[in-house]
Amino acid sequence: MDKQAKLLSSRLFLKLRQVEVVLNRSVLTWREADKERKRSSGISEAAHGRSVQVCEIVAVGRTEDGDDKRTRKSRKEAKRHSQLYPCAFTVSFVMRTRQHQWRCSEVTFHCNDQELCNQWVRVTNEQLSLLTNRPKSLLVYINPFGGKRRGKRIYEQKVAPVFRRAGISTDVIVTERANHARDHLKTEASLDKCDGVVCVGGDGMFSEILHGLVSRTQTDHGVDENQPDAELVSCSLRIGIIPAGSTDCVCFATVGANDPVTSALHIIVGDSQPMDVCSVHHDDIFLRYSVSLLGYGFYGDLMTDSERKRWLGPARYDLSGVKTFLSHNYYKGTVSFLPAEGNLGNPKDKLQCRSGCRICQHKPSSKDQHSEMSDKKEKSPKGDSGDWNVIHGKFIAINAATMSCACPRSPKGMSPSAHLADGTTDLILVRKCSRLNFFRHLLRHTNRNDQFDHSFVEVHRVRKFRFQPQHHRLDSLEDLSEPLQKKGFSPICSAQTTCSYSAAHSSWTCDGELLPHAAIQVSVQCQLIRLFARGIEEQQEQQQFVFEDPCTLWPLEQSTN
């Protein structure tokens with residue numbers, strides 16, 4: 001790679017040592033200027049130097065007296081240093097730590113020339129101003145009730161100070177009820193005045209922001225969401241996630257850590273990660289959008305039972321999981337799906353989606369994709385022939401993972417090789433099997449063994465799929481009114497105790513929310529949204545960040561606002 005022209009090069013002082021500081025268009029570097037001392041000490045030159053990508057500089061500003069806390073260890077030397085070199089500026093930048101976490105680090109350079117100090121601040125800030133992908137104004141929604149009710153405190157203590165340091169203005173709204181953020185985004189929010197939307201909360205809060213922003217975009221462009229084959233318009237605004245919930249699956253799968261400061265820094269540097277969204281319909285009625293997991297059978301029953309135990313907090317998932325596993329129910333139905341074509345890999349190829357993923361960067365044009373889908377719909381209007389595959393059977397679980405669904409409890413996730421932005425979802429079918437075999441399958445979600453390596457499990461990478469329970473007359477939860485009146489419990493529990501396995505129905509869980517219909521059709525909307533993220537970085541990428549510009553991994557589309 002050709003060396004870029006130097007914008008500035010000066011000998012400054014860092015911790016009473018003279019350093020050579022160089023700024024070019026993309027990198028700020030500094031290293032000790034005393035080469036003879038380095039050679040005599042036997043320490044390599046690289047050990048005395050440091051480089052920071054300009055796109056990962058948070059802020060640059062003049063350092064006032066007393067701001068440099070690191071020199072306070074030796075007050076006498078600090079006083080003498082301040083007298084000799086009274087002018088200083090501080091560079092705040094991203095520093096990578098363990099397990100994909102980022103921290104905001106600082107370095108302060110001293111000199112005795114006021115004009116030189118001002119020049120460094122001015123030129124560096126000019127370079128930062130050229131980074132047009134960085135947000136300047138954000139609309140922030142805080143859920144004060146989710147998780148352990150720490151959302152507001154997390155934002156005020158950990159996130160807001162970093163935003164202020166980066167010069168980002170914010171409009172903060174603390175939600176007062178369920179779907180407050182969704183409704184505000186759909187009708188009231190002035191989206192033309194902000195560069196992105198940030199949610200402080202868990203996956204439920206993110207789902208609110210997703211539905212509000214996507215629905216607002218479709219309304220503004222005259223798109224009918226109730227049409228299953230409608231070509232949805234991608235959202236121009238990016239979404240930032242500050243994790244503060246009981247589950248933060250989306251954040252973990254797109255950043256690699258559930259850490260508020262890390263997420264805030266990804267927002268500040270203007271990262272952009274495209275993301276697929278599944279649209280879920282029942283006939284011609286739009287139900288919900290999904291970005292992580294659609295689950296019928298085991299996970300649908302688990303979520304239904306856990307809804308009655310919300311007072312337990314996150315522990316309700318463990319209790320309901322054990323209860324659902326011991327019930328060991330299965331359900332009859334028909335699954336039809338449209339397989340993904342092209343060089344999109346397969347769910348068993350062990351190729352994990354990482355920052356700069358080549359598969360996700362290849363986005364088919366919406367016109368071509370829409371034409372392809374229309375042609376295949378004409379060949380197979382009911383999904384019973386042509387290019388559609390049809391499977392009848394008895395299923396313990398039917399899952400669709402649009403991303404890996406990785407989380408701290410399941411580091412590999414539901415589908416380890418699922419991609420964030422390839423226009424597909426991984427359809428996982430777990431057929432009727434013994435309780436022991438199903439336990440072995442579940443256990444592999446927590447270790448390194450292949451969870452698909454069972455005769456009763458099959459997985460397909462698909463663009464669309466449909467599910468029809470065996471008795472279509474009972475495809476709505478409201479239709480199970482007789483058991484509800486008899487027992488007073490939810491449809492799932494009462495149906496399981498009063499119906500035979502062949503007649504019992506589960507429900508779908510869509511990113512943690514229950515759907516009112518069992519018969520659904522799902523379409524993957526390729527790269528419908530973008531997040532302030534860059535995907536999970538490989539360790540070797542983190543060691544070589546000087547030579548690769550991570551800010552260009554996902555080029556931003558032109559804003560339509």
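Given the structure is predicted, the values throughout are model-derived calculations rather than measurements.
- Residue-environment remark: NZ (Lys193) stays at or below the threshold of 12 foreign heavy atoms within 6.0 Å.
- A perpendicular orientation is assigned to the rings of His441 and Phe456, their planes being inclined by more than 60° (bins at 30° and 60°).
- Counting heavy atoms from C-beta outward, Leu213 and Ile239 have side chains that approach closer than 4.5 Å.
- Between Tyr296 and Phe395, the ring centre distance reaches or exceeds 6.0 Å.
- Of the charged side-chain nitrogens involved, at least one lies within less than 4.0 Å of a carboxylate oxygen, so that Arg103 and Asp259 count as a salt-bridged pair.
- Applying the ring pair (Phe, Tyr, Trp, His ring centres under 6.0 Å) rule to pairs touching residues 172-206 yields Tyr141-His184, sequence neighbours excluded.
- No close placement of the His266 and Phe532 rings is indicated, their centers lying 6.0 Å or farther apart.
- Geometrically, Arg288 does not engage Trp508 in a cation-pi contact defined by less than 6.0 Å to the ring centre and at most 45° from the axis.
- Side chains of Tyr331 and Ile398 form no contact here, defined as non-hydrogen atoms less than 4.5 Å apart.
- With salt bridges taken as basic N to acidic carboxylate O contacts below 4.0 Å, none links Lys323 and Asp318.
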- Message: Is there a side chain to side chain contact (heavy atoms under 4.5 Å, CB included) between Leu191 and Arg216? Walk through the geometry before answering.
- Response: CA-CA 10 Å; Leu191 301 183; Arg216 173 71 172 269; 3.7 Å; yes
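- The distance from the CG atom of Asp224 to the CG atom of Leu232 is 10.0 Å, given to the nearest 0.5 Å.
- Sorted by first then second residue, the salt bridge (Lys or Arg N to Asp or Glu O under 4.0 Å) pairs that include residues 426-451, not counting sequence neighbours, are Lys350-Asp450, Asp426-Arg461, Arg431-Glu458.
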- Step by step, work out the salt bridge (charged side-chain N to carboxylate O under 4.0 Å, His left out) result for Asp229 and Lys464. CA-CA 10 Å; Asp229 295 311; Lys464 291 185 176 184; 2.7 Å; yes
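- Proximity of Trp102 to Val269: side-chain heavy atoms (C-beta onward) are separated by under 4.5 Å at one or more points.
- Residues Cys251 and Ser263 form a side-chain contact, since some pair of their non-hydrogen atoms from C-beta on lies under 4.5 Å apart.
- Thr334 has its side chain out of reach of Phe467: every pair of non-hydrogen atoms, C-beta onward, lies at least 4.5 Å apart.
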- Message: Between Leu294 and Val522, does the side chain to side chain contact (heavy atoms under 4.5 Å, CB included) criterion hold? Intermediate values first, please.
- Response: CA-CA 10 Å; Leu294 274 164; Val522 179; 3.9 Å; yes
- Task: Apply the test side chain to side chain contact (heavy atoms under 4.5 Å, CB included) to residues Leu429 and Val335: give CA-CA distance (whole Å), side-chain angles for both, the deciding distance (0.1 Å), then the verdict.
- Result: CA-CA 9 Å; Leu429 308 178; Val335 179; 4.2 Å; yes
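- Using a 4.0 Å cut-off between a side-chain N of Lys or Arg and a carboxylate O of Asp or Glu, Asp422 and Arg463 do not qualify as a salt bridge.
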- Show the numbers, then the answer: is there a side chain to side chain donor-acceptor pair (under 3.5 Å) between Ser355 and Glu537? CA-CA 5 Å; Ser355 181; Glu537 292 181 309; 5.0 Å; no
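- Inter-residue side-chain proximity for Asn346 and Asp349 is flagged as met; some heavy-atom pair is nearer than 4.5 Å.
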- Would Leu265 and Val162 satisfy side chain to side chain contact (heavy atoms under 4.5 Å, CB included), going step by step from the backbone distance to the final call? CA-CA 8 Å; Leu265 290 172; Val162 189; 3.9 Å; yes
- What's the verdict on side chain to side chain donor-acceptor pair (under 3.5 Å) for Gln527 and Ser234, showing C-alpha distance, side-chain angles and the deciding distance? CA-CA 7 Å; Gln527 300 185 15; Ser234 298; over 6 Å; no
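- Here Asn399 contributes atom CG and Ile428 contributes atom CD1; the two are 5.5 Å apart, rounded to the nearest 0.5 Å.
- Between Leu326 and Thr324 the shortest side-chain heavy-atom distance does not fall below 4.5 Å.
- You'll find the side chain of Pro135 reaches within 4.5 Å of the side chain of Ile267, heavy atoms only.
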